[in-house]
Amino acid sequence: MDFDQHQHYSPHIPASSTVSNVMLKVVLALVPGIITYIAFFGWGVLVNIIIAGIAALGSEAVAVALRRQPVAPTLMDGSALVTAILLALALPPHSAWWLIVVGTTFAIIIAKQLYGGLGYNPFNPAMAGYVVVLISFPLEMTRWNPPLSLADAPMSLLESFQYSLTGILPERLDLDMISLATPLDVMRTQLDLGNSLDTITTGNGIFGIVAGTGSEWVSLAFLAGGLWLLFERIIDWRIPASLLASLLLLSGLFSLIDSSNFASPAFHLFAGATMLGAFFIATDPVSASTTPVGRLIFGAGCGILIYVIRTWGGYPDGIAFSVLLMNMAAPLIDYYTQPRVIGQQKNRS
Amino acid sequence: MGRLFNFPGGIHLEEHKSVSNGTAVRKSGIPARLFVPLDQHIGPAAECIVSKGEKVLKGQTIGSATEYISAPVHAPTSGTVIDIQKFPAAHASALPSDVVIIEPDGKDEWQTRTPLNNYRDIDPSELRNIVRGAGIVGLGGAAFPTFVKLNPVGHDIKALILNGAECEPWITCDDMLMRTRHGDIIEGARVMRHALQAARVIIAIEDNKPQAISALKPYADKYEWLTVQEIPTRYPTGGEKQLIRILTGQDVPSHGLPLDLDLVVQNVATAAAVHHAINEMQPLISRIITVTGPGVKSPCNIEALIGTPMSDLIDMAGGYTRDADRLIMGGPMMGITLKTDVTPVIKATNCLLVQTPDAKRDATTTRACIRCGECVKVCPMRLLPQQLYWYSRSRNFDQLQRHHLFDCIECGCCAEVCPSHIPLVQYYRFGKSEIWKKEQETLKADRARMRTEARLEREERIKAERKARHARAKAAKAAGSDSKQTEIKAAVARAKARKAEQKSATEDA
Ligand code: SF4
Ligand code: SF4
């Protein structure tokens with residue numbers, strides 16, 4: 001009997017993992033965070049995700065077709081969906097549809113497909129898309145709706161959709177009622193004005209137990225999802241651990257030095273997108289470091305930059321910029337952190 | 001022994017061993033035709049020393065080794081050489097190689113075998129010669145001539161390690177050998193120990209083979225030089241470098257040998273073969289082969305003559321199932337796919353694995369590298385597989401070497417965990433062969449250059465000498481006999497000086 005040899009390469013055992021499997025698990029791990037987010041902040045979150053998802057899959061399909069590659073397998077790998085969800089979670093809920101579409105298509109077409117598609121993109125696509133809309137539409141990007149507990153009359157799913165697609169609010173609401181600064185934003189501007197921590201947080205409903213009302217629970221849910229990914233060995237512990245540790249250390253240090261003018265470590269860990277960033281964004285394998293030591297450096301770099309940008313920078317949250325900056329450094333980090341090969345005496349010959 | 005060490009990376013694989021190790025080893029008997037390849041080992045092929053029509057006896061040498069690193073081949077049974085021709089070989093390339101085709105006469109008649117002295121009375125170098133003459137090569141799959149590795153070349157061998165790890169899934173031939181022919185292994189171990197003058201022998205077995213371990217353990221109580229060491233089951237524990245690390249915590253230097261650590265590693269089946277060669281005067285003409293996988297109906301272990309067509313063994317294992325899709329020689333991780341089952345089994349054939357299609361991983365499910373780093377985590381050599389992949393793709397051979405491509409043992413851990421299903425090892429083999437090719441070319445070019453330079457130099461020298469001769473002749477004519485006297489004196493002085501120089505040279509040596 002003869003065999004066709006050429007389709008087959010070792011190893012000759014059933015595959016234990018596939019890219020779509022990995023992406024699917026990432027999406028699953030995001031679910032608790034998403035549900036908590038919706039529970040505390042309303043349907044706007046879901047509307048974001050749906051619009052971003054459609055835009056991402058659509059633009060990916062078009063780009064792949066233009067590059068004359070098979071469309072279905074690429075869409076099936078799930079990477080566009082993950083990008084869409086991450087971006088949707090980073091944008092303010094109830095963002096206008098065009099804002100979401102601009103961010104997502106930029107992420108998919110420019111940041112990913114123009115570089116050659118999944119695997120070739122030097123930057124985290126979701127964060128690249130996020131930064132583009134942040135720079136282009138700064139005003140829109142500061143309009144966060146308050147947690148439901150502070151809102152008078154939360155919108156229904158239908159109203160959320162309508163608002164996002166048409167910009168028309170239900171009669172009983174006006175723009176002010178759904179545009180609030182985030183706790184991080186308030187913290188930074190107030191500290192800049194010279195107010196002390198106590199005066200900022202006391203009496204302000206957007207501050208919760210350690211960070212933002214509601215958002216601290218969302219962070220906790222993302223943390224849980226992230227831990228599950230660790231357990232499932234989808235992500236490596238090094239980047240989240242070093243990111244969180246460096247952020248903890250730095251914020252701890254400054255808060256020790258001057259506790260009335262620097263936010264607490266707990267605030268930094270649970271405010272904004274820290275957990276989402278640590279477990280889901282900075283761990284994007286394509287654009288991060290891949291060597292074990294490199295990953296520690298990459299994560300630590302992200303953590304430090306996040307603190308610096310939050311504390312002294314011009315933007316309320318620093319996840320996107322930190323990750324993109326470290327993306328740039330990743331090839332260099334990898335080059336200098338090659339592990340010592342077994343049997344080799346020196347690192348590099 | 002006691003303490004064990006760890007190696008980085010590695011993976012746990014589904015074992016599938018019980019599929020084939022439940023029944024006793026079967027004997028394949030003598031097939032209708034034997035196809036004995038002359039090229040079965042590392043090193044140049046053996047040279048055929050029989051001719052068409054010649055009668056051969058069992059155990060008779062039919063191909064002799066021409067170079068140091070090579071091995072002879074023998075007639076597996078008595079019969080007639082009916083042809084010597086090119087035939088599909090058990091290589092990934094399936095390039096045909098020379099095969100001696102023997103039609104057995106059914107008598108299975110041995111050549112005359114003269115019993116040897118007790119191995120203890122044989123000089124180690126003589127032992128090596130016998131092992132060499134018996135055509136023994138590493139039976140774990142590498143097929144490196146064994147006698148070379150029985151030479152301590154000045155080292156004080158601390159331990160001879162017998163590798164019974166058998167870490168690849170599906171394969172059970174060593175397991176069966178250890179369970180049922182443990183005595184042969186021990187006898188072989190004694191011979192090898194003597195050849196190497198090794199202090200101890202360690203038999204290392206993965207802990208998923210309790211029966212093999214309990215079969216060999218009693219010997220360790222009997223012989224104080226022997227240790228039977230259970231090691232954890234994790235692929236690739238059976239890799240020479242990994243095994244040494246597990247047992248000693250030491251790393252074989254890059255481009256080095258276990259010998260650099262005063263260690264020698266041999267496969268357990270090789271030890272049994274050495275026993276047969278020394279104590280029974282039987283060259284390597286048969287071996288145990290695992291025939292298994294979802295693509296054969298009744299997987300089993302078969303002791304087969306070298307040169308038996310693989311199709312015969314597949315038939316013995318019940319034949320193919322309907323969805324048999326590829327034939328692999330060796331294990332699933334490091335084995336090679338074969339084009340056809342008329343290929344004869346060779347000394348290195350430890351397993352025939354017949355696989356069925358894998359819907360999750362085939363040529364169409366390959367994606368781009370997502371740099372997930374899974375491959376980095378599992379690499380037992382602590383390489384950066386994905387970098388090696390990039391550089392192989394871009395044919396960046398300098399970077400490949402800087403990233404230590406040649407330390408890659410091709411274990412396939414990286415390819416197994418890769419979610420993008422990139423045939424990584426294939427890329428590394430490509431990279432290695434390209435670099436070898438280039439090195440060969442520069443070597444050739446260097447040689448050519450050196451030859452030209454030498455020629456030019458020679459021509460120059462001849463010219464200069466001719467000129468000098470002319471000049472001297474002229475001068476001699478002019479000066480007359482006086483100068484002849486001085487010339488003789490000078491010649492004597494020169495001769496004396498040369499003698500002194502030679503003397504000091506021999507004293508140095
Ligand atoms: S496992 Fe595959 S996809 Fe992941 S980094 Fe290695 S080569 Fe790339
Ligand atoms: S095949 Fe080579 S690179 Fe891949 S895991 Fe094994 S040693 Fe490492």
Side-chain angles (χ1 to χ4, degrees), chain A residues 1-23 70 73-74 76-77 79 116-122 233-236 238-239 283-292 294-295 330-331 334-335 337-346 348-349, chain B residues 7-8 13-14 94 169 241 245 251-254 256 311 320 324-328 332-341 353 355 358 360-365 367-374 376-377 380-384 386-387 402-404 407 412 415-417 419-421 423 425-426:
Chain A
M1 184 158 145
D2 288 354
F3 294 90
D4 175 13
Q5 204 182 5
H6 293 289
Q7 295 292 310
H8 307 304
Y9 297 116
S10 61
H12 304 283
I13 45 176
S16 52
S17 98
T18 62
V19 174
S20 33
N21 225 321
V22 170
M23 296 296 171
T74 309
M76 289 294 287
D77 73 23
S79 60
L118 178 66
Y120 297 93
N121 46 303
R233 300 174 150 267
I234 297 291
I235 58 172
D236 186 58
R238 291 181 179 82
I239 290 178
T283 51
D284 163 41
V286 178
S287 49
S289 280
T290 53
T291 64
R295 285 180 164 169
D334 279 354
Y335 182 79
T337 53
Q338 285 176 41
R340 188 186 66 85
V341 173
I342 294 287
Q344 290 282 356
Q345 296 311 309
K346 279 180 299 174
R348 280 171 305 276
S349 54
Chain B
F7 66 89
L13 295 167
E14 269 186 59
K241 293 176 177 175
R245 197 172 153 109
D251 288 332
V252 177
S254 173
S311 51
Y320 294 110
D325 151 78
R326 61 192 121 150
L327 173 66
I328 298 137
M333 300 299 285
M334 297 183 69
I336 53 172
T337 49
L338 297 174
K339 262 193 187 145
T340 164
D341 62 9
L353 171 64
Q355 268 293 8
D358 178 1
K360 265 168 107 192
R361 170 164 49 206
D362 62 29
T364 64
T365 64
R367 294 272 161 278
C369 167
I370 57 168
R371 294 172 35 96
C372 62
E374 283 306 303
V376 180
K377 269 192 238 164
M381 296 304 291
R382 245 195 245 126
L383 297 163
L384 294 175
Q386 101 274 24
Q387 309 284 60
R402 212 162 297 147
H403 281 75
H404 310 296
D407 285 313
E416 162 51 21
V417 298
S420 291
H421 303 172
V425 180
Q426 217 64 24

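Basis for what follows: all heavy atoms, side chains included, without hydrogens, waters or symmetry-related copies. Predicted model, so just to flag it, every value in this text is computed and none were measured. Convention: sequence-line order gives letters A, B, ...; per-chain numbering from 1.
Of all heavy-atom pairs spanning A:P285 and B:C372, the tightest one is CB-CA, 3.3 Å. Considering all non-hydrogen atoms of both residues, B:E374 and A:R233 come closest at OE2-O, 3.8 Å.
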What verdict does the side chain to side chain contact (heavy atoms under 4.5 Å, CB included) test give for A:T291 and B:V376, after you've listed the backbone C-alpha separation in whole Å, the side-chain angles of each residue and the deciding distance to 0.1 Å? CA-CA 7 Å; A:T291 64; B:V376 180; 5.7 Å; no
Apply side chain to side chain contact (heavy atoms under 4.5 Å, CB included) to B:D251 and A:R340, showing your working. CA-CA 12 Å; B:D251 288 332; A:R340 188 186 66 85; 3.8 Å; yes
Verdict with supporting geometry, A:L118 and B:R367, side chain to side chain contact (heavy atoms under 4.5 Å, CB included): CA-CA 9 Å; A:L118 178 66; B:R367 294 272 161 278; 5.7 Å; no
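For chain A, the nearby part of B:P380 is the backbone; its heavy atoms alone come within less than 4.5 Å. Interface residue A:V19: backbone and side-chain heavy atoms are both found under 4.5 Å from chain B. Of the two parts of B:S311, neither the backbone nor the side chain holds a non-hydrogen atom closer than 4.5 Å to a non-hydrogen atom of chain A. For chain A, no part of B:K241 is nearby; none of its heavy atoms comes within less than 4.5 Å. For a residue to count as touching a neighbouring chain, one of its non-hydrogen atoms must lie under 4.5 Å from one of that chain's; by this rule B:F7 does not touch chain A. When heavy atoms are compared at a cutoff of 4.5 Å, B:Q386 approaches chain A solely by way of its side chain, counted from C-beta outward. The part of B:L384 that comes within reach of chain A is its side chain, from C-beta onward, which places non-hydrogen atoms under 4.5 angstrom from that chain. For B:D341, the parts sitting under 4.5 Å from any heavy atom of chain A are the backbone and the side chain alike. The contact between B:E416 and chain A is made by backbone and side chain atoms together, counting heavy-atom distances below 4.5 Å.
Contact tally against chain A (heavy-atom pairs below 4.5 Å) for B:T340, B:V425, B:L353, B:I370: the top residue is B:I370. Here B:H403 is the residue among B:H403, B:M334, B:R245 with the most heavy-atom pairs under 4.5 Å with chain A. Ranked by non-hydrogen atom pairs under 4.5 Å with chain A, the options B:G412, B:G256, B:P423 are led by B:P423. Interface remark: of the candidates B:M333, B:M381, B:E14, B:M381 forms the most heavy-atom pairs closer than 4.5 Å to chain A. Counting heavy-atom pairs closer than 4.5 Å to chain A, the top-ranked of the candidates B:L327, B:L13, B:V252 is B:L327. By number of non-hydrogen pairs under 4.5 angstrom with chain B, the leading residue of A:P73, A:A15, A:P292 is A:A15.
The main-chain N or O of A:F3 is never found under 3.5 Å from a side-chain atom of B:R326 such that the two would form a donor-acceptor pair. Within the 3.5 Å criterion, the main-chain N or O of A:I13 finds a donor-acceptor partner in the side chain of B:R361. Judged purely by atom type and a 3.5 angstrom limit, B:H421 uses its side chain to pair as donor or acceptor with the backbone of A:S17.
Screening B:D325, B:I336, B:I328 for a side chain to side chain contact (heavy atoms under 4.5 Å, CB included) with A:H12, the sole residue that qualifies is B:I328.
For the atom pair CZ (B:R371) and OH (A:Y120), the distance works out to 12.0 Å, reported to the nearest 0.5 Å.
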